[in-house]
J.: 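Sharing a structure, written as structure tokens. Questions coming.
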Amino acid sequence: MSKSVPIENVLGCVLAGGQSRRMGGGDKSLLDIGGKTMLEMILARLSPQVDSIVLNANGDPSRFEQFGLSVVPDPIGGFAGPLAGILAGLTYVKEHRPDVTHVVSVAGDTPFFPATLVKDLCSSVPSEKPVIALATSSDKLHPVFGLWPVSLCSDLHTWLATGQSGKVLAFVDRHDSVEVSFNTDATTGLDPFFNANRPEDLNTVRKALT
């Protein structure tokens, strides 16, 4: 039987490089929710699950200085979407972390993602061959929450650099992949991948915290 991916070989990458158009621009992850920023909530969820984390964001990295994380911008220009953020994490690993074999991607606007996300994704794929694992809930796929083999870095860079689709699933379809299902968050009653895209979504998050 194939061994699953060891969690100690995984780097966490929070994707905060989007333009937040539906929120009126700016950094969604730095918005205050009940006395904490959304990014603080996300890091509190992710930190116990991985040994190290990087933050994918574009522009001046000093605005994230308080978090003490390496901030990695998209390696491809033109706001190529979450795939560019995933490539940023993979590229960081190639350049700085030869001990890491996989990157787990987490959206910067989804504060209630599962506390078992990394463990469950890692246990769903073999360690010796490149298989992408993507999260699902309520029969809906959440491709921004995935486990990505670092060995796919060059292929993803070529894919984006040659102007191919920025849609995550378009790239995933080129490779072996599995889907991993997660249940409703027992504490909040929300889908664990509920994301705050619009101002009214922030109220939903705040209510879930009370």
Side-chain angles (χ1 to χ4, degrees), residues 10-50 52-69 71-72 74 79 81-86 88-89 103-121 133-147 167-169 179-210:
V10 177
L11 175 99
C13 181
V14 179
L15 305 179
Q19 294 174 291
S20 304
R21 289 192 188 95
R22 280 175 284 185
M23 198 68 81
D27 293 298
K28 278 192 290 187
S29 61
L30 295 181
L31 292 173
D32 183 90
I33 301 173
K36 291 184 179 179
T37 65
M38 192 140 49
L39 183 53
E40 284 180 89
M41 295 176 63
I42 287 165
L43 293 176
R45 284 251 166 174
L46 186 57
S47 293
Q49 301 190 48
V50 291
S52 52
I53 299 170
V54 297
L55 178 65
N56 161 241
N58 301 299
D60 185 358
S62 66
R63 67 194 192 277
F64 298 105
E65 194 170 355
Q66 61 179 300
F67 300 102
L69 299 175
V71 180
V72 292
D74 293 350
F79 292 100
L83 273 181
I86 292 162
V103 169
V104 65
S105 58
V106 170
D109 61 359
T110 307
F112 303 121
F113 66 88
T116 61
L117 176 76
V118 178
K119 177 176 71 73
D120 292 350
L121 292 179
L134 299 179
T136 69
S137 63
S138 305
D139 297 321
K140 183 180 178 184
L141 192 59
H142 307 284
V144 174
F145 285 83
L147 185 70
K167 293 188 180 300
V168 176
L169 294 181
E179 297 178 5
V180 182
S181 181
F182 293 90
N183 297 322
T184 297
D185 186 280
T187 304
T188 65
L190 295 173
D191 185 291
F193 301 101
F194 175 84
N195 63 318
N197 260 328
R198 301 160 298 177
E200 52 266 38
D201 295 334
L202 294 178
N203 292 328
T204 302
V205 173
R206 292 184 182 114
K207 286 178 183 175
L209 292 171
T210 57

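Position 1 is the first residue of the sequence, and the numbers go up from there.
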J.: Tell me, do Asp185 and Phe194 make a side-chain contact under 4.5 Å, heavy atoms counted?
T.: no
J.: Got a donor-acceptor contact below 3.5 angstrom from the Thr116 side chain to the Lys119 backbone?
T.: no
J.: What are the two closest heavy atoms between Phe113 and Gln49, and how far apart are they?
T.: CE1-NE2, 3.7 Å
J.: Check whether any side-chain heavy atom of Leu15 lies under 4.5 Å from a side-chain heavy atom of Ile86, and answer yes or no.
T.: yes
J.: What are the two closest non-hydrogen atoms of Leu43 and Val14, and how far apart are they?
T.: CD2-CG2, 4.1 Å
J.: Just wondering, are more than 12 heavy atoms of other shown residues or ligands nearer than 6.0 Å to CG in Asp60?
T.: yes
J.: Rounded to the nearest 0.5 Å, how far does NZ of Lys36 lie from CD1 of Ile42?
T.: 12.5 Å
J.: Under 3.5 Å, side chain of Ser105 to main-chain N/O of Val144, donor-acceptor pair present?
T.: yes
J.: Among all residues two or more places apart in sequence or in another chain, which pass the side chain to side chain contact (heavy atoms under 4.5 Å, CB included) test with Ala135?
T.: Leu117, Phe145, Phe182, Phe193
J.: Looking at Met38 and Gly108, what are the two nearest heavy atoms and their distance?
T.: CG-O, 4.0 Å
J.: Go through the structure and list residues passing side chain to side chain contact (heavy atoms under 4.5 Å, CB included) with Ser181, not counting sequence neighbours.
T.: Thr136
J.: Say you draw a straight line from CG of Asp32 to OG1 of Thr37; how long is it, rounded to the nearest 0.5 Å?
T.: 7.5 Å
J.: Please check: side-chain N/O of Asn56 versus main-chain N/O of Val72, any donor-acceptor pairing under 3.5 Å?
T.: yes
J.: Any side-chain to backbone donor/acceptor pair from Asp74 onto Asn58? Under 3.5 Å, distance only.
T.: no
J.: For Arg45 and Ala115, which heavy atoms make the closest approach, and how far apart are they?
T.: NH1-N, 4.1 Å
J.: Working to the nearest 0.5 Å, report the span between CZ of Phe67 and CG of Leu30.
T.: 5.5 Å
J.: Do Ser138 and Asp191 come within less than 4.5 Å of each other through their side chains, counting heavy atoms only?
T.: yes
J.: Contact between Val205 and Pro111 at the side-chain level, heavy atoms closer than 4.5 Å - yes or no?
T.: yes
J.: Which residues satisfy the side chain to side chain contact (heavy atoms under 4.5 Å, CB included) test with Pro143, sequence neighbours excluded?
T.: Leu134, Leu141, Val168, Leu169
J.: Of all the heavy-atom pairs spanning Leu11 and Val54, show the shortest one and how long it is.
T.: CD2-CG2, 3.7 Å
J.: How long is the span from the NZ atom in Lys140 to the CD atom in Glu179, to the nearest 0.5 Å?
T.: 13.5 Å
J.: Would you check if Leu202 and Ile33 make a side-chain contact, meaning some heavy-atom pair closer than 4.5 Å?
T.: yes
J.: Side-chain contact, heavy-atom cut-off 4.5 Å: Leu39 with Leu55?
T.: yes
J.: Hey, is CG on Asn183 packed in by over 12 heavy atoms from elsewhere, all under 6.0 Å?
T.: no
J.: Kindly compute the distance separating CE (Met41) from CG (Asp109), expressed to the nearest 0.5 Å.
T.: 12.0 Å
J.: Side chains of Val106 and Ile53: closer than 4.5 Å at any heavy-atom pair?
T.: no
J.: Would you give the length of the straight line joining atom NZ of Lys167 to atom CG of Leu83, rounded to the nearest 0.5 angstrom?
T.: 10.5 Å
